[in-house]
**Q** 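Below you will find the structure I want to go over with you.
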Amino acid sequence: MHRVRFAPSPTGYLHIGSARTFIFNWLFARHHGGTMILRIDDTDLERNTEESLNSIYDGLKWLGLEWDEFYRQSDRGELHARIANRIFERGMAYRDFTPASMDLEDKDKVREGPWLFHPGMRELSAEESDRRAAAGEPFVLRFRVPRDPERAVTFQDAVYGEQSKSTADIEDFALLRSNGAPTYHMASCADDIDLRITDIIRGQDHLSNTYKHVLIFEAAGAAPPRFAHLPLLVAPDGAKLSKRKHGPVVSVLTYRDAGFLPGAYINFLCLLGWSPKNDREVMTLAELKDAFTLAGVNRSNAVVNFTEEEPFDPKAVWLNAEHIRLLAIPELAGAMHPFLTSAGLYADFDQVLRVAPLVRERIKLLREAATVADFFFLDKLPPYDPAELIPQKGDALLARSVLERAHQVLETAEFNHDGLEAALRRASEELKIKTGQMFQPVRVAACGRKVAPPLFETLAVLGRDTCLRRIEEAIRKLQEVY
RNA sequence: GGCGCUAUCGUCUAACGGUUAGGACGGAGCCCUCUCAAGGCUCAAAUAGGGGUUCGAUUCCCCUUAGCGCUACCA
């Protein structure tokens, strides 16, 4: 039985690194038929906000990966205190009455070596400790790291292998704050014990903390779970991703809003720090689930390759394009639709259905549909330069005769790909011009630009009336200028 | 400062002692072609440095260097 948890603290938005941790946990759980737990680690510092929690939910919701159990750490204070007290009663923790302010001074002074504990506090007699506590003197409950026979704390990490650290390098860390609230280490371990977590999969920034956690598990009389630490996601300069320094690229919602497909984005994130080792890159969620193992996770940090000009990693963009091409037309139309309407285009869904095949191989992000395909949904074309209507090696006169001929031909042509192609090719032969010289003015007249989807399909989707109207308009434009 | 982790093309990565060090993105070029894409082909591009071990090191060990993490009554 595998029970894993994703435990974000609501102090911002859903960070892409957190999203990846969530995904790896999910993949692991689903791969093994285990249980995915979402636990909000809101051990009460002032930084937690409901707004941030909602933002995290939005991110998770977009990814579309569901969880089986849900907990909020702030509901479980009693459990945390109970386990902390159990550790205290066993003599594995002690009260430290050192005032918080003094703590800081000390740290500055003793920064030469490792800070292990406040002298005197560790050895306080039970009587004095009890007396001072009873007198209401505030204290921090600290873990009594065993040092008498110095020993090593060791654990096996599924990614980093055997880890070991001497207790001589582990300080007496806090379990309970002076206000009685548990620290992260305490709350997290207590919950992991209570929720019977079997595998902790989390960021490598916790690798060093794990020694403390192993100590807590043991002191609480629980067997430590298995651990797997994930290499971190970093910015191109090697620094860790921060909103302040790197902007919106660190939030998953940015990717949603730009028109990434959740499956594509998950695919991208999975490829950072993990490899199926068979050169496969474009993978669906189901394929990822089947292929995912901790053995495929590597150990060095992965750079999310963005710049100011290119805010999205090119590989993420490419993968998104690949996933878009994998979509069936109705799915693509459904995914595109909101981006069209939010761009102010009145997008009748039947029309979106017809347009989707024409943009499928031409967009990398869904939001690009609004700029690539706007003319399908506009009644009147945005203004364009009439010079664009003039074909290669031609002049305004030629443009005009091409358009007039096209108009004539389109009045009677069968309005589908083959009919239009036959009609327009025949027209170009009759005019004794190259096909390109024939097609380009028609394209500009119909689309208002030189770069557009393939002509015949485009005209067919646009329909006879619109095409004729736009060609007439183009002829008018030419007359005005030339 | 202490402790720990990491180090293959610009980026993501493969190669669990023997390969012309592979793939992908991105870049360059060519082909296809009604524009743009998509697709196909080709090219440039890497084992951080120094010592060992070994018949043989990208791979194992040590040192150096660099980066990152932890070192809070944050998580």
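Letters A, B, ... mirror the listed sequences (proteins, then strands); counts begin at 1.
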**Q** Heavy-atom contacts under 4.0 Å between residues 271-278 of chain A and RNA chain B, which residues?
**A**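 Only A:L271, A:L272, A:G273, A:S275, A:K277 qualify.
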**Q** If we ignore angles and hydrogens, is there a donor and acceptor under 3.5 Å between the side chains of A:D157 and A:Q163?
**A**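 No, A:Q163 and A:D157 have no side-chain donor paired with an acceptor closer than 3.5 Å.
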**Q** Could you please name the partner base of B:G4, counting Watson-Crick and G-U wobble pairs only when both distances are under 3.5 Å?
**A** B:C68
**Q** Go through the structure and list residues passing salt bridge (charged side-chain N to carboxylate O under 4.0 Å, His left out) with A:R405, not counting sequence neighbours.
**A**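 A:E430.
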**Q** Whole-Å distance between B:C3 P and A:L116 CG?
**A**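 The answer, rounded to whole Å, is 12 Å.
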**Q** Counting only Watson-Crick pairs (N1-N3 plus N6-O4 or O6-N4) and G-U wobbles (N1-O2, O6-N3), all under 3.5 Å, who is the partner of B:C60?
**A** B:G52
**Q** Can you tell me, in whole Å, how much space there is between the P of B:U20 and that of B:U58?
**A** 13 Å
**Q** Could you give the side-chain donor-acceptor pairs of residues 441-449 of chain A under 3.5 Å, partners two or more places apart or in another chain?
**A**
residue: A:R443; atom: NH1; partner: A:Q440; partner atom: OE1; Å: 2.7
residue: A:R449; atom: NH1; partner: A:T371; partner atom: O; Å: 3.3
residue: A:R449; atom: NH1; partner: A:V372; partner atom: O; Å: 3.1
residue: A:R449; atom: NH1; partner: A:D374; partner atom: OD1; Å: 3.4
residue: A:R449; atom: NH2; partner: A:D374; partner atom: OD1; Å: 2.6
residue: A:R449; atom: NH2; partner: A:D374; partner atom: OD2; Å: 3.1

**Q** Give each protein N/O atom lying under 3.5 Å from an N/O atom of nucleotides 19-23 of chain B, with the pair distance.
**A**
residue: B:G22; atom: N2; partner: A:D279; partner atom: OD1; Å: 3.2

**Q** Looking just at side-chain N and O atoms, do A:R95 and A:S129 make a donor-acceptor pair shorter than 3.5 Å?
**A**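 There is such a pair (donor and acceptor under 3.5 Å, judged by atom type) between the side chains of A:R95 and A:S129.
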**Q** For A:D96, which contact category applies under a 4.0 Å heavy-atom criterion: base, sugar-phosphate, or nothing?
**A** nothing
**Q** What interatomic distance, in whole Å, is found between C1' of B:G50 and the corresponding atom of B:C9?
**A**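 The answer is 23 Å between these two C1' atoms.
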**Q** List in chain and number order the residues that pass salt bridge (charged side-chain N to carboxylate O under 4.0 Å, His left out) with A:D237, two or more places apart in sequence or in another chain; answer none if no residue qualifies.
**A**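 Salt bridge (charged side-chain N to carboxylate O under 4.0 Å, His left out) check on A:D237 returns A:K245.
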**Q** Nearest to the side chain of A:P314, which nucleotide is it out of B:U6, B:G2, B:G26?
**A**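 That would be B:G26.
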**Q** Check the distance between B:G10's P and A:E309's CD and give it to me in whole angstrom.
**A** 19 Å
**Q** Give the residues of residues 366-374 of chain A touching RNA chain B, defined as any heavy atom closer than 4.0 Å, sorted by residue number.
**A**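 The answer is none.
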**Q** In whole Å, measure the gap between the C1' atoms of B:G29 and B:U13 for me.
**A**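 These two C1' atoms come out 26 Å apart once rounded.
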**Q** Specify the residue among A:D313 and A:A316 whose closest nucleotide of RNA chain B lies further upstream toward the 5′ end.
**A**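 Result: A:D313.
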**Q** Considering every strand shown, what is the Watson-Crick or G-U wobble mate of B:A46 when both distances are under 3.5 Å?
**A** none
**Q** How far apart are the C-alpha atoms of A:D191 and A:H80, what are their side-chain angles, what is the distance that settles it, and do they pass the side chain to side chain donor-acceptor pair (under 3.5 Å) test?
**A** CA-CA 7 Å; A:D191 280 327; A:H80 308 145; 2.9 Å; yes
**Q** Which residues pass the salt bridge (charged side-chain N to carboxylate O under 4.0 Å, His left out) test with A:E457, not counting sequence neighbours?
**A**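 With sequence neighbours excluded, A:E457 shows a salt bridge (charged side-chain N to carboxylate O under 4.0 Å, His left out) to no residue whatsoever.
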**Q** Test of understanding: with side chain to side chain contact (heavy atoms under 4.5 Å, CB included), list the residues that count as partners of A:N301, not counting sequence neighbours.
**A** A:P231, A:L232, A:V234
**Q** Mind calculating the distance between CZ (A:R39) and P (B:A75) to the nearest angstrom?
**A**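 It works out to 12 Å between those atoms.
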**Q** Expressed in whole Å, how much space separates the P atoms belonging to B:C3 and B:A72?
**A** 15 Å
**Q** For A:D172, is there an ion pair with A:K212 - N to carboxylate O distance below 4.0 angstrom?
**A** no
**Q** Could you list the residues that satisfy salt bridge (charged side-chain N to carboxylate O under 4.0 Å, His left out) with A:D205, not counting sequence neighbours?
**A** none
**Q** For B:A21, what is the paired nucleotide under Watson-Crick or G-U wobble rules, both distances under 3.5 Å?
**A**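 The base-pairing partner of B:A21, which may sit in any strand shown, does not exist here.
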**Q** Choose from B:A75, B:C73, B:G26 the nucleotide whose nearest atom is closest to any side-chain atom of A:N209.
**A**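 Side chain of A:N209 sits closest to B:A75.
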**Q** Are side-chain N/O atoms of A:N320 and A:H323 paired as donor and acceptor at under 3.5 Å?
**A**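 Note: A:N320 and A:H323 side chains miss the donor-acceptor criterion.
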**Q** At 4.0 Å (heavy atoms only), tell me whether A:S300 reaches a base, stays on the sugar-phosphate, or touches nothing.
**A**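 The answer is sugar-phosphate, as A:S300 gets under 4.0 Å only of primed atoms, P, OP1 or OP2.
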**Q** Under 4.0 angstrom, heavy atoms only, what part of the nucleic acid is A:V140 near: base, sugar-phosphate, or nothing?
**A** base
**Q** When rounded to the nearest 0.5 angstrom, what distance separates CZ in A:R226 from CZ in A:F155?
**A**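 A:R226 CZ to A:F155 CZ: 14.5 Å, rounded to 0.5 Å.
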**Q** Rounded to the nearest 0.5 Å, what separation is found between the NE2 atom of A:H15 and the CG atom of A:L233?
**A** 7.5 Å
**Q** Is there any protein nitrogen or oxygen under 3.5 Å from a nitrogen or oxygen in nucleotides 63-69 of chain B, and what are the pairs?
**A**
residue: B:C68; atom: O2'; partner: A:N301; partner atom: ND2; Å: 3.3
residue: B:G69; atom: O2'; partner: A:D205; partner atom: O; Å: 3.3
residue: B:G69; atom: N2; partner: A:S208; partner atom: OG; Å: 3.4

**Q** Using atom P of each nucleotide, how far apart are B:G18 and B:G22 to the nearest Å?
**A** 15 Å
**Q** Send over the distance from A:N298 CG to B:U59 C1', rounded to a whole Å.
**A** 15 Å
**Q** Identify whether any heavy atom of A:H185 sits under 4.0 Å from a base atom; if not, whether one sits that close to sugar-phosphate; answer base, sugar-phosphate or nothing.
**A**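 Counting heavy atoms under 4.0 Å across all strands, the contact made by A:H185 includes a base.
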**Q** Expressed in whole Å, how much space separates the C1' atoms belonging to B:A28 and B:U65?
**A** 34 Å
**Q** Could you tell me how the ring of A:F456 sits relative to the ring of A:F439: parallel (under 30°), tilted (30 to 60°) or perpendicular (over 60°)?
**A**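 Rings of A:F456 and A:F439: perpendicular, over 60°.
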**Q** Across all strands, who's sitting opposite B:G26 as a Watson-Crick or G-U wobble pair, both distances under 3.5 Å?
**A** none
**Q** For B:A57 and B:C62, measure between their C1' atoms and round to the nearest Å.
**A** 15 Å
**Q** When the C1' atoms of B:C25 and B:A14 are compared, how many Å lie between them, rounded to an integer?
**A** 15 Å
**Q** Do the charged groups of A:E322 and A:R325 touch, with an N to O distance under 4.0 Å?
**A** yes
**Q** Reading nucleotides 32-46 of chain B 5' to 3', which nucleotides get B (base under 4.0 Å from a protein heavy atom), which S (sugar-phosphate only), which -?
**A** --BBBBSS-------
**Q** Going by atom type alone, with no hydrogens or angles, which donor-acceptor pairs under 3.5 Å involve a side-chain atom of residues 356-364 of chain A and a protein atom two or more places apart or on another chain?
**A**
residue: A:R360; atom: NH1; partner: A:L327; partner atom: O; Å: 2.7
residue: A:R362; atom: NE; partner: A:L358; partner atom: O; Å: 2.9
residue: A:R362; atom: NH2; partner: A:L358; partner atom: O; Å: 3.4

**Q** Applying a 4.0 Å non-hydrogen cut-off, can you work out what A:Q437 is touching in the nucleic acid: base, sugar-phosphate, or nothing?
**A**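 If one applies the 4.0 Å heavy-atom cut-off, A:Q437 turns out to touch nothing in the nucleic acid.
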**Q** Look at the aromatic rings of A:F173 and A:H185 and report parallel, tilted or perpendicular, splitting at 30° and 60°.
**A** perpendicular
**Q** Which of these, A:F306, A:Y265, A:Y255, A:W318, sits in a ring-ring contact (aromatic ring centres under 6.0 Å, His included) with A:F312?
**A** A:Y255
